[in-house]
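First up is the structure itself, then whatever we jot down about it.
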Amino acid sequence: MASVFLYHVVGDLTVGKPELVEFPETETVESAIRVIGESAEGSIPIWKRRSHVGVMEKSEMRQQRFVGILNSLDIVAFLARDACLVDQEKAMKTPVSEVVVPNNSLLREVDPATRLIDALEMMKHGLKRLLVPKSVVWKGMSKRFSILYNGKWLKNLDASSSSTNLAPNANRPSSSSTPSSRNKFCCLSREDVIRFVIGCLGALAPLPLSSISSLGAISPNYYSIEASFPAIQVTQKLPQDPSAVAVVESTPDGQYKIIGEISACKLWKCDYLAAAWALANLSAGQFVMGVEDNVTSRSLPHFSVNLTGGENNMANGGASTRQRKFSSRSIGFFSNPASPSFGASRSMYRGRSAPLTCKVTSSLAAVMAQMLSHRATHVWVTEAESEDILVGVVGYADILAAVIKQPAPVIPSTTPSGEGYATEIQN
């Protein structure tokens, strides 16, 4: 384990972070689409409203008000329901409380003096957000020696202060805040933590240059759907971490070739109503590969969207409704005009529909850089000899688990065969 995670605390990562603005569960889907477009990881925390405004709120009460995290895939899946397609205006005005998947364990409030290693342990086990008080006065802390306080090394968390309960103890340095800042918080995402980690690669050597395979960072457990199946089947059980479904084609030898993905990352800044229509009416392969205008005009019907000011932007709502033809261009998926039919060519340019992939031999540093540069929550992993034979997936939790575990001795091994435990969405 690198000492950098012991020398730093959560408060070191909050510098420059904006104040949290709670998104209440009574807000509409329309408002959520706008806020998600400006958020990290393509998702936002959902809260119940405070019952007593102006009263100091305890940490336990604040935790109980947290409902869950809403992402773009949740919204598109909701809008793809038959009732929502019939009355899109009503669907956009639906409270997000009817859309978000309740999960109170995805966010936790921690003290700014919480050691970074303890925060990473929590996130490794599925925590997605850290709620950190914004402090004006910082006591007994320095970025370089945050673990050192009054000349004494801090003790590790005892049994009463485990990774599930990180209230600061008497030995831990603490932050103090003025009355005006007591109810102000900022929210740290796993992306924030990965950005910090990638800035400390030198302190983590030689781990960053190790392959993700040797570090055990590849998860063989992922969701997939055959390209020929209806895309709507991904809504039967939406994956949570990562929120993504691989669209695959079977090979004669029983392996799977990845041709795309249906995920919160890909739908982050899309036209939500157009994506919902496509999810409900197209096959998974058509959804990710794209359907061009000349194909649409012959075989695909019209659909209605609300347009404001001539722009195809559903975030701001709409005052008028008009019919237009569906095109993958409205979702943000593009394919080669010279090869418009699905399945015609696997080498065609697919733009945003192309899945983000790496190989089993890729280094941990390279995978982290991929995720950050593409603002992705995961990277699909393929065989070393093939660019599309799917092996598994690497997500935030896998990376965090890899960087904090003790390094293992380098032992020559054979390349993984690609045999995983994919959860296939059956037809």
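Basis for what follows: all heavy atoms, side chains included, without hydrogens, waters or symmetry-related copies.
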Is any side-chain heavy atom of [Y] closer than 4.5 Å to one of [X]?
X	Y	result
Val132	Lys17	no
Asp241	Tyr396	no
Leu79	Met92	yes
Ile33	Thr28	no
His378	Tyr222	no
Gln370	Leu356	yes
Thr14	Leu188	yes
Met368	Leu201	yes

[atom1]/[X] to [atom2]/[Y] distance, rounded to the nearest 0.5 angstrom?
X	Y	atom1	atom2	value
Cys187	Glu109	SG	CD	11.0 Å
Ile262	Lys266	CD1	NZ	12.0 Å
Ile258	Trp380	CD1	CH2	5.5 Å
Thr235	Asp74	OG1	CG	11.0 Å
Leu116	Leu13	CG	CG	6.0 Å
Glu89	Glu30	CD	CD	8.5 Å

Distance alone, cut at 3.5 Å: any donor-acceptor contact between the side chains of [X] and [Y]?
X	Y	answer
Ser250	Glu226	yes
Ser243	Asn71	yes
Asp192	Ser189	yes

List in chain and number order the residues that pass ring pair (Phe, Tyr, Trp, His ring centres under 6.0 Å) with Phe196, two or more places apart in sequence or in another chain; answer none if no residue qualifies.
His8
Return the set of residues passing ring pair (Phe, Tyr, Trp, His ring centres under 6.0 Å) with Phe23 (not counting sequence neighbours), or none when no residue passes.
none
Work out which heavy atom in [X] is nearest to a heavy atom in [Y]; give both atom names and the distance.
X	Y	answer
Phe66	Pro45	CE1-CB, 3.7 Å
Gly260	Pro355	CA-CD, 3.7 Å
Lys128	Met123	O-CE, 4.2 Å
Ile46	Val100	CG1-CG2, 4.0 Å
Pro133	Pro112	O-CG, 3.7 Å
Ser72	Ala264	OG-O, 2.7 Å

Strictly distance-based, threshold 3.5 Å: is any side-chain N or O of [X] a donor or acceptor partner for the main-chain N or O of [Y]?
X	Y	value
Asp398	Val394	no
Glu98	Pro95	no
Lys269	Gly37	yes

More than 12 heavy atoms of other residues, nucleotides or ligands under 6.0 Å from CD of Glu19: yes or no?
yes
Tell me if the CG atom of Asp87 is crowded by more than 12 foreign heavy atoms within 6.0 Å.
yes
Do the side chains of Glu22 and Arg50 get close enough for a salt bridge, i.e. N-O under 4.0 angstrom?
no
side-chain hydrogen bond (donor to acceptor under 3.5 Å, both in side chains) involving Ser263 - partner list, sequence neighbours excluded:
Glu261
Verdict with supporting geometry, Phe5 and Leu120, side-chain contact (heavy atoms from CB on, under 4.5 Å)
CA-CA 9 Å; Phe5 299 134; Leu120 265 61; 3.8 Å; yes
Working for salt bridge (Lys or Arg N to Asp or Glu O under 4.0 Å), residues Glu191 and Arg195
CA-CA 6 Å; Glu191 180 181 300; Arg195 287 189 184 280; 3.4 Å; yes
